[in-house]
There are 2 protein chains.
Amino acid sequence: MSTAHNLLLEHIGRHLSFSAAEEKRLLSLLQERSLKPKQFLHHEGEVQKSQVFVTSGCLRSYAIDHNGFEHILQFAPAGWWIADMQSLLDQAPGKLIIDAIQASTFLQISRSDLDRLYDELPGLERHFRLLLERSVVTYQNRLLDNLSLSARERYENFCKAYPSLIRELPQKQVAAYIGVTPEFLSRMLNQPATAKG
Amino acid sequence: MSTAHNLLLEHIGRHLSFSAAEEKRLLSLLQERSLKPKQFLHHEGEVQKSQVFVTSGCLRSYAIDHNGFEHILQFAPAGWWIADMQSLLDQAPGKLIIDAIQASTFLQISRSDLDRLYDELPGLERHFRLLLERSVVTYQNRLLDNLSLSARERYENFCKAYPSLIRELPQKQVAAYIGVTPEFLSRMLNQPATAKG
DNA sequence: GCCCGGACTTAACCTAGATCATTTCCCAAG
DNA sequence: CTTGGGAAATGATCTAGGTTAAGTCCGGGC
């Protein structure tokens with residue numbers, strides 16, 4: 001069993017435990033793949049056929065608005081799932097782009113196989129239900145942050161939430177995540193915060 | 001069986017079918033309640049103990065930021081679930097407020113009962129997994145809209161998404177949902193859109 | 001070693017939307 | 001009917017963050 005498989009089983013194991021047979025069945029439907037930096041997993045307008053569990057490196061999903069600006073929805077370092085979920089659910093062309101920001105490896109499972117597995121392994125459905133609950137909360141919090149915090153506060157939140165990513169990411173990608181222009185983020189970081197107290 | 005119960009079973013029935021015994025078991029754990037306009041279901045700082053399926057009227061969840069502004073996360077008309085999900089999952093004090101914007105009735109189920117039901121009725125877990133998937137997509141889209149659209153575009157989106165609500169809601173609540181001040185929304189609506197074409 | 005392109009910086013200027021203050025409107029309570 | 005309080009309108013002014021346009025600073029390919 002590969003280390004990629006181990007990482008996935010370990011993650012699932014945080015919620016529940018599978019029998020050896022169940023683990024084997026799950027792994028049999030997963031495909032190991034990799035991407036080099038800047039290679040794409042999913043293009044705008046494509047139909048997403050499978051979802052992906054990152055085992056090393058880091059992927060990201062983002063959309064391009066009508067002014068050509070990127071807005072990053074998610075970073076997916078090792079241990080995270082990523083997909084254009086809207087496209088995956090509707091089996092319709094998506095508006096997200098997914099690419100690798102570092103050399104990355106991942107496990108892939110098709111939607112139809114996963115649907116089959118949900119019937120065979122109810123524990124897996126439990127696992128995803130729990131992940132989805134957390135995911136909803138995360139997006140709710142991010143939405144509230146965007147509605148109520150200043151750019152600087154959102155930047156500070158990002159640093160707290162992703163202390164490892166902040167070191168590896170180019171500044172412009174942080175800008176595209178927190179929702180400001182790269183120029184503004186640069187200016188902000190090179191100006192002292194307004195003195196307080 | 002009440003009409004409230006019927007509404008819930010009909011909604012669940014869109015995804016799957018329960019036996020009569022399963023339906024009975026589910027309904028046995030639901031409590032019928034109601035709220036008058038402006039009454040609260042959940043206050044900031046409280047621990048959310050149960051989640052709620054609205055059967056008539058409309059609830060909303062919102063947070064108050066450090067400037068005292070309300071930001072509405074969700075409207076829940078009949079047929080929608082609502083809760084302070086973060087508080088519910090962590091069983092920790094929440095930051096959301098939930099109240100009724102109209103006279104409303106709803107069915108309530110405690111987190112512990114629902115957890116029990118997930119074990120007894122795997123179909124229910126399926127149902128919520130599917131709802132959560134849609135919910136994630138909805139929040140993703142709303143986040144992208146907030147990052148890339150103008151206030152007017154977000155207003156138009158809102159009108160399309162909630163054509164019935166737009167007629168019933170005071171303008172200031174629409175403002176608190178799309179993320180602008182009531183003053184600005186008012187001015188925007190009374191000024192012609194910049195002519196195009 | 002040179003050149004290119006992408007990441008970052010900086011500065012001047014611009015604008016969507018916020019803030020503040022005043023007024024009007026409406027309707028529900030007395 | 002009148003009153004008072006919230007919802008909306010409206011005008012003047014302000015500002016966080018966007019836009020445009022140079023420039024600098026790399027690192028990587030040839």
Side-chain angles (χ1 to χ4, degrees), chain A residues 36-39 58 60 62 64-72 99-103 143-159 165-196, chain B residues 36-39 58 60 62 64-72 99-103 143-159 165-196:
Chain A
K36 292 184 198 138
K38 303 196 181 176
Q39 283 187 324
C58 188
R60 79 214 247 248
Y62 61 101
I64 296 187
D65 71 21
H66 48 267
N67 299 314
F69 285 101
E70 293 180 4
H71 301 282
I72 297 179
D99 64 11
I101 59 180
Q102 304 169 351
L143 185 59
L144 286 177
D145 283 358
N146 274 282
L147 290 172
S148 60
L149 301 183
S150 67
R152 186 176 298 269
E153 289 169 314
R154 276 177 277 142
Y155 179 79
E156 285 162 3
N157 275 186
F158 183 88
C159 294
L165 274 183
I166 201 82
R167 269 169 270 127
E168 305 173 6
L169 287 178
Q171 233 178 68
K172 60 177 297 202
Q173 298 210 24
V174 177
Y177 184 92
I178 65 176
V180 294
T181 57
E183 293 91 335
F184 183 75
L185 180 59
S186 166
R187 191 199 315 172
M188 199 179 79
L189 294 178
N190 291 299
Q191 258 164 26
T194 59
K196 40 180 164 181
Chain B
K36 292 185 198 136
K38 303 194 180 176
Q39 284 188 323
C58 188
R60 78 214 247 248
Y62 61 99
I64 296 187
D65 71 21
H66 48 269
N67 300 314
F69 285 102
E70 292 181 5
H71 300 281
I72 297 179
D99 65 11
I101 59 180
Q102 302 170 352
L143 185 59
L144 286 177
D145 282 358
N146 274 282
L147 290 172
S148 60
L149 301 183
S150 67
R152 187 177 295 271
E153 289 168 314
R154 275 177 278 141
Y155 179 78
E156 286 160 4
N157 275 187
F158 183 89
C159 295
L165 275 182
I166 201 83
R167 268 169 271 128
E168 306 172 6
L169 287 178
Q171 230 178 70
K172 60 177 298 201
Q173 298 210 24
V174 178
Y177 184 92
I178 66 176
V180 294
T181 57
E183 293 93 331
F184 184 75
L185 180 59
S186 165
R187 195 181 325 161
M188 200 178 79
L189 294 179
N190 290 297
Q191 258 162 27
T194 60
K196 40 180 163 180

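Just so we're on the same page: letters track the sequence lines, and every chain starts at 1. As the structure is a prediction and not an experimental result, all values here were calculated from the model. Because only heavy atoms are used, hydrogens play no part in the values below, and waters and symmetry mates are left out as well, while side chains stay in.
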- Spacing between B:Met188 atom CE and C:dA18 atom P, to the nearest angstrom: 10 Å
- DNA chain D: A:Glu183 or A:Ala151, which has the more 5' nearest nucleotide? A:Ala151
- Item | Atom pair CG/CG of A:Asp145 and A:Asn157 - distance to nearest 0.5 Å | 5.0 Å
Could you list the protein-to-nucleotides 3-7 of chain D atom pairs, N/O on both sides, closer than 3.5 Å?
{"from": "D:dA7", "atom 1": "OP2", "to": "B:Lys172", "atom 2": "NZ", "distance (Å)": "3.2"}

- Heavy-atom distance under 4.5 Å between the side chains of A:Leu169 and A:Tyr177, does that happen here? no
- Message: Check this one for me: any side-chain N or O of B:Ser186 less than 4.0 Å away from OP1 or OP2 of D:dA8?
- Response: no
- Task: Determine yes or no for a side-chain-to-main-chain donor-acceptor pair under 3.5 angstrom, with A:Gln39 supplying the side chain and A:Lys36 the backbone.
- Result: yes
- Between D:dG17 and A:Arg154, is there an OP1 or OP2 to side-chain N/O distance shorter than 4.0 Å? yes
- Item | Set of salt bridge (Lys or Arg N to Asp or Glu O under 4.0 Å) partners for B:Glu70, sequence neighbours left out | B:Arg60
- Message: Between B:Asp65 (side chain only) and B:Phe69 (backbone N and O only), is there a donor and an acceptor less than 3.5 Å apart?
- Response: yes
- Item | Length of the CZ-C1' vector between B:Arg187 and D:dG11, whole Å | 8 Å
- Message: Tell me the interatomic distance from B:Lys36, atom NZ, to C:dA28, atom C1', rounded to whole angstroms.
- Response: 17 Å
- Can you check whether any acceptor in the base of D:dG17 is under 3.5 Å from a donor in the side chain of A:Arg152, or vice versa? no
- Query: Looking at CD of B:Glu168 and CD of B:Gln173, how far apart are the two atoms once the value is rounded to the nearest 0.5 Å?
  - Reply: 11.5 Å
- Could you give the CD1-to-P distance, from A:Ile101 to C:dA7, as a whole number of Å? 13 Å
- Task: Take atom CG of A:Leu189 and atom P of D:dG17, then tell me their distance rounded to the nearest Å.
- Result: 13 Å
- Item | Length of the CD-C1' vector between A:Gln173 and C:dG6, whole Å | 12 Å
- Shortest non-hydrogen pair, B:Ile72 vs B:Tyr62, comes out as CA-CB, 3.7 Å
- From CG of A:Leu185 across to P of C:dC8 the rounded distance in Å is 9 Å
- Distance in angstrom units between B:Phe184 CZ and D:dT13 P, rounded: 19 Å
- Query: Using a cut-off of less than 4.0 Å, is there contact between a side-chain N or O of A:Asn190 and OP1 or OP2 of C:dT10?
  - Reply: yes
- Query: Does a nitrogen or oxygen in the side chain of B:Ser150 sit under 4.0 Å from OP1 or OP2 of C:dA16?
  - Reply: no
